[in-house]
Peer 1: 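Input: one structure, supplied below.
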Amino acid sequence: MKKMIYGLVGATASGKTGASIALCHALQGEVVCMDSMQIYRGMDIGTAKPTLAEQDGIPHHMLDVAEPTEAFSVTEYARMAHAAIQSIQTPVLVGGTGLYLQALSLPLDFGFTKGDDTVRAVYQKIADEQSNEALHALLDARDPPTAARLHPNDVRRVIRALEVYDLTGRPFSAQVMPSSEDAPYDFRLFALDMPRDILYQRIDQRVLTMLKDGLLDEVKALLDNGVPENAQAMQGLGYKELVPVLKGESTLKDATAYLQQRTRNYAKRQLIWFRRDTRIIWLPWDSKNLLEQMILSGENQ
RNA sequence: GCCUUGGUAGCUCAGUCGGUAGAGCAAUAGACUGAAAAUCUAUGUGUCGGCGGUUCGAUUCCACCCCAAGGCA
């Protein structure tokens, strides 16, 4: 009997946080955050990390578990999140990082192959000095199925596939693909269905609220505390877009519009990712009895 | 009032020495296995400001009008 785990996923600004608190109160559950940026300490406003008041007494896991100066990876996330899930009675997964959900859906003992910066640099050099096609040809010689699946311009994934082949001696295509039978948990996944125009309006508004709440100061504090501009954490939305403002290379007005734009683009990618996950039950975001629907749907699955 | 420069895709613009037009961004769809709030892919019919004129044919040349920015009065 697998452990049952509720999950609330979907686009940014679609109302996950509020709904998750209600669900936890009803089920006596605890939140396990599934977000690639809320894991970082000191990044609160820009990541829309739930405040203590918003948490409303519900224990939250997987928040503030990494330093923004350090790189983090999906493997570390999976390892820590699995531990958190084991430690609590009723876990409620909440977040919008599709890759993290995929990682948690893989068999528990599944191990991603560790990366190697040196190997990556060698391949990156080939792409830079020769061509993306030349790099892709290397992969085609070692792992044809993966090469066929990847576009030559998708250099990041082509390099990763070559790296896996070099480090393990086995092609990337031999790895286990996720399926519900292999999943370590019995997932009850939900997402809030919201019209695109409303979602985009909420995103634009949320960005303005973040700025009013001091996002610019938060970004400045990170830089002042030694977080490099090119740090992984600084790639988060709201951070990389505001650095140019602090450096005087862009106006706040332009950066705000750009950040809103980028966030809308991101939300759409999230929707595309979750749309193909057939386990997810989509519920109307403005439904009066959202909580009842989630609990009932969960029990009936 | 006069002069100048503009008015082309949702936005910023290119272009057509006259044969009804194309980039970037946006938008939409999709991909995604140790960076994922990252990264990558596909999709381009718009009274070419308006009304006339010249022409086989005008978004392109000409006249007038409208609008915008700048300059001169």
Side-chain angles (χ1 to χ4, degrees), chain A residues 9-13 33-40 43 45-49 66 68 70-81 95-107 110-117 119-120 124 127 132 135-136 143 145-146 148-161 163-165 167-168 170-179 182 196-197 200 203-204 206-207 210 215 219 228 230-242 254 257-277:
Chain A
V9 303
T12 187
C33 288
M34 189 177 68
D35 188 293
S36 67
M37 288 293 154
Q38 290 183 356
I39 54 168
Y40 292 116
M43 293 174 57
I45 300 170
T47 63
K49 195 179 290 175
E70 295 166 3
F72 196 79
S73 75
V74 59
T75 303
E76 287 169 82
Y77 174 80
R79 181 173 51 76
M80 296 171 78
T97 303
L99 180 65
Y100 286 8
L101 175 61
Q102 185 165 310
L104 291 179
S105 304
L106 292 163
F110 186 85
F112 290 79
T113 307
K114 189 173 163 55
D116 185 315
D117 289 341
V119 174
R120 285 180 187 174
Q124 184 66 54
N132 293 349
L135 185 71
H136 189 260
D143 182 356
T146 302
R149 178 171 77 76
L150 296 176
H151 191 280
N153 288 350
D154 201 350
V155 175
R156 181 180 284 194
R157 291 196 176 79
V158 172
I159 288 179
R160 173 63 187 158
E163 176 187 68
V164 167
Y165 184 86
L167 297 176
T168 67
R170 299 174 63 224
F172 194 86
S173 48
Q175 296 199 43
V176 180
M177 295 311 282
S179 72
D182 300 326
R196 191 71 62 90
D197 56 342
Y200 284 0
I203 286 170
D204 289 349
R206 172 184 266 190
V207 167
M210 284 176 174
L215 180 55
V219 178
N230 63 353
Q232 200 172 303
M234 293 303 281
Q235 297 311 300
L237 289 164
Y239 299 89
K240 65 176 176 298
E241 291 83 4
L242 291 186
D254 287 350
Y258 184 52
L259 173 56
Q260 289 171 324
Q261 183 70 262
R262 292 283 304 167
T263 308
R264 279 182 251 128
N265 294 159
Y266 166 56
K268 202 179 74 162
R269 273 179 271 129
Q270 288 179 299
L271 290 176
I272 286 171
W273 182 290
F274 291 121
R275 213 143 50 183
R276 71 171 177 171
D277 191 332

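Note that these values count all heavy atoms, side chains included, but never hydrogens, waters or copies made by symmetry. Keep in mind it's a predicted model, so treat the numbers as computed, not measured. The chains referred to below are lettered A, B, ... by the order of the sequence lines, with proteins before strands, and numbering in each begins at 1.
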Peer 1: Hey, does the side chain of Tyr258(A) reach the backbone of Glu241(A) with a donor-acceptor pair shorter than 3.5 angstrom?
Peer 2: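 Not a single qualifying donor-acceptor pair exists.
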Peer 1: If we ignore angles and hydrogens, is there a donor and acceptor under 3.5 Å between the side chains of Gln270(A) and Tyr266(A)?
Peer 2: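 Gln270(A) vs Tyr266(A): donor-acceptor pair found between side chains.
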Peer 1: So if I take every side-chain heavy atom of Leu237(A) and compare against A38(B), A29(B), C40(B), which nucleotide ends up nearest?
Peer 2: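 Ranking A38(B), A29(B), C40(B) by closest atom to the Leu237(A) side chain puts A38(B) first.
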Peer 1: Would you mind reading off the distance between Asn230(A) atom CG and A38(B) atom P, rounded to a whole angstrom?
Peer 2: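 Result: 16 Å.
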Peer 1: Check every strand shown and say whether Thr47(A) touches a base, only sugar-phosphate, or nothing at a heavy-atom separation below 4.0 Å.
Peer 2: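 It contacts base atoms.
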Peer 1: Using every non-hydrogen atom in the two residues, find where Leu101(A) and Ser105(A) come nearest and quote the distance to one decimal.
Peer 2: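 Closest approach of Leu101(A) to Ser105(A), heavy atoms only: O-OG, 2.7 Å.
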Peer 1: Return the value, rounded to whole Å, for the distance between atom CD of Glu163(A) and atom P of G34(B).
Peer 2: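 So the two atoms are 9 Å apart, to the nearest Å.
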Peer 1: Write down the atom of Tyr100(A), the atom of Val74(A), and the distance for their closest heavy-atom approach.
Peer 2: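 Closest pair (atom of Tyr100(A), atom of Val74(A), distance): CD1-CG2, 3.5 Å.
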Peer 1: In whole Å, what separates the P atom of G10(B) from that of C3(B)?
Peer 2: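 G10(B) and C3(B) have their P atoms separated by 33 Å.
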Peer 1: Measuring only between side-chain heavy atoms, which start at C-beta, is Arg264(A) closer than 4.5 Å to Asp204(A)?
Peer 2: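 Contact flag for Arg264(A)/Asp204(A) side chains = yes.
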Peer 1: Compare side-chain N and O positions of Tyr266(A) against OP1 and OP2 of A38(B) and report whether any pair is under 4.0 Å apart.
Peer 2: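 It does not, given that no N or O in the side chain of Tyr266(A) lies less than 4.0 Å from OP1 or OP2 of A38(B).
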Peer 1: Hunt down the Watson-Crick or G-U wobble partner of U4(B), both distances under 3.5 Å, from any strand shown, or write none.
Peer 2: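 Here U4(B) is engaged in a pair, and the nucleotide opposite it is A69(B).
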Peer 1: In whole angstroms, how far is the C1' atom of A29(B) from the CZ atom of Phe274(A)?
Peer 2: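 My rounded result for the distance is 18 Å.
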Peer 1: When we call it a touch if two heavy atoms are under 4.0 Å apart, what does Phe72(A) touch: a base, just sugar-phosphate, or nothing?
Peer 2: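 Result for Phe72(A) = sugar-phosphate.
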Peer 1: Do any N or O atoms from the side chain of Lys268(A) and from the backbone of Arg196(A) form a donor-acceptor pair under 3.5 angstrom?
Peer 2: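 No, because the side chain of Lys268(A) does not come within donor-acceptor range (under 3.5 Å) of the backbone of Arg196(A).
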Peer 1: Can you tell me how far apart CE (Met210(A)) and CZ (Arg206(A)) are? Round to the nearest 0.5 Å.
Peer 2: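 Output value for this atom pair is 5.0 Å.
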Peer 1: Using the P atom as the reference point in each nucleotide, state the distance between A23(B) and C67(B) in Å, no decimals.
Peer 2: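 Result for the P pair: 35 Å, nearest Å.
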Peer 1: Output the rounded distance in Å from CD1 (Ile39(A)) to C1' (A38(B)).
Peer 2: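 Taking atom C1' of A38(B) as the reference, CD1 of Ile39(A) is at 13 Å.
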Peer 1: Provide the closest heavy-atom pair for Ala66(A) versus Phe72(A) in the form atom of the first, atom of the second, distance.
Peer 2: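 Residues Ala66(A) and Phe72(A), closest heavy atoms: CB-CD1, 3.7 Å.
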Peer 1: Could you tell me the Watson-Crick or G-U partner of U39(B), where both distances fall under 3.5 Å? Say none if there is no partner.
Peer 2: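 With both distances under 3.5 Å, U39(B) matches A31(B).
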Peer 1: Could you state the CG-C1' distance from Asp154(A) to A35(B), rounded to the nearest angstrom?
Peer 2: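 Taking atom C1' of A35(B) as the reference, CG of Asp154(A) is at 13 Å.
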Peer 1: Counting side-chain heavy atoms from CB outward, which of A36(B), G34(B), C40(B) is closest to Asn153(A)?
Peer 2: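 The answer is C40(B).
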Peer 1: Using only modelled atom types and a 3.5 angstrom limit, is any donor from either the side chain of Arg157(A) or the base of A38(B) paired with an acceptor on the other?
Peer 2: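 Checked by distance alone, the answer is yes.
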Peer 1: Measure the distance from CD1 on Ile272(A) to C1' on U28(B) and round it to the nearest whole Å.
Peer 2: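 It works out to 8 Å between those atoms.
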Peer 1: Need the pair for C48(B). Rule: Watson-Crick or G-U wobble, both distances under 3.5 Å, any strand; none if unpaired.
Peer 2: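 Pairing partner, where one exists within any strand: none, as none qualifies.
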Peer 1: Say you pick atom C1' in G53(B) and the same atom in A63(B); how far apart are they, in whole Å?
Peer 2: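 Pairwise C1' distance, G53(B) against A63(B), rounds to 7 Å.
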Peer 1: Looking for any heavy atom pair under 4.0 Å, which part of the strands does Gly238(A) touch: base, sugar-phosphate only, or nothing?
Peer 2: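 Nothing, no nucleic acid heavy atom in range.
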Peer 1: What is the base-pairing partner of A23(B), counting Watson-Crick and G-U wobble geometry with both distances under 3.5 Å?
Peer 2: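 U12(B) is the nucleotide pairing with A23(B).
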Peer 1: Give the minimum heavy-atom separation between Ala13(A) and Ile203(A), together with the two atoms involved.
Peer 2: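 Smallest heavy-atom distance, with atoms named: CB-CG1, 3.9 Å.
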Peer 1: Quick one: Leu99(A) CG to A31(B) C1', roughly how many Å, whole number?
Peer 2: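 The answer, rounded to whole Å, is 13 Å.
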Peer 1: Reckon Arg160(A) has a side-chain N or O less than 4.0 Å from the OP1 or OP2 of A35(B)?
Peer 2: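 So the side chain of Arg160(A) is outside the cut-off, no N or O lying under 4.0 Å from OP1 or OP2 of A35(B).
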Peer 1: When the P atoms of G15(B) and G6(B) are considered, how many whole Å apart are they?
Peer 2: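 One P to the other, the span is 11 Å.
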Peer 1: Who is the Watson-Crick or G-U wobble partner of U60(B), with both distances under 3.5 Å?
Peer 2: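 Across all strands, not a single nucleotide pairs with U60(B).
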Peer 1: Please give the distance between the C1' atoms of G50(B) and C56(B) as a whole number of Å.
Peer 2: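 Looking at atom C1' only, G50(B) and C56(B) are 25 Å apart.
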Peer 1: Which residue, Glu241(A) or Ser73(A), contacts RNA chain B at a nucleotide closer to its 5' end, judged by nearest heavy atom?
Peer 2: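 Going by which nucleotide is closer to the 5' end, it is Ser73(A).
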Peer 1: Out of U41(B), G30(B), A35(B), which has the shortest distance to the side chain of Arg120(A)?
Peer 2: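 Nearest listed nucleotide: A35(B).
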Peer 1: Is any side-chain N or O of Gln232(A) closer than 4.0 Å to OP1 or OP2 of A36(B)?
Peer 2: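 Checking A36(B) against Gln232(A), a side-chain N or O does come within under 4.0 Å of OP1 or OP2.
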Peer 1: Regarding A38(B), can its base be found pairing with the side chain of Arg156(A) as donor and acceptor, where the two atoms are less than 3.5 Å apart?
Peer 2: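 Yes, a donor-acceptor pair under 3.5 Å.
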Peer 1: When we call it a touch if two heavy atoms are under 4.0 Å apart, what does Phe172(A) touch: a base, just sugar-phosphate, or nothing?
Peer 2: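 Contact class for Phe172(A): sugar-phosphate only.
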Peer 1: Measuring only the C1' atom in each nucleotide, how far is C51(B) from A9(B)? A whole number of Å is fine.
Peer 2: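 That atom pair is separated by 24 Å.
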Peer 1: So which nucleotide does C17(B) pair with, by the Watson-Crick or G-U wobble rule with both distances under 3.5 Å?
Peer 2: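 Its partner: none found.
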Peer 1: Rounded to whole Å, please give me the gap between OH in Tyr77(A) and P in A35(B).
Peer 2: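 Taking OH of Tyr77(A) and P of A35(B), I get 16 Å after rounding.
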Peer 1: Would a 4.5 Å heavy-atom cut-off, applied to side chains only, mark Asn230(A) and Met234(A) as touching?
Peer 2: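 They are not in contact (no side-chain heavy atoms under 4.5 Å apart), so the answer is no.
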Peer 1: So which protein N/O to nucleotides 24-27 of chain B N/O distances come out below 3.5 Å?
Peer 2:
from	atom 1	to	atom 2	distance (Å)
A26(B)	OP1	Asn265(A)	OD1	3.4
A26(B)	O3'	Gln261(A)	OE1	2.6
A27(B)	OP1	Gln261(A)	OE1	3.1
A27(B)	OP1	Asn265(A)	ND2	3.4
A27(B)	OP2	Asn265(A)	ND2	2.6

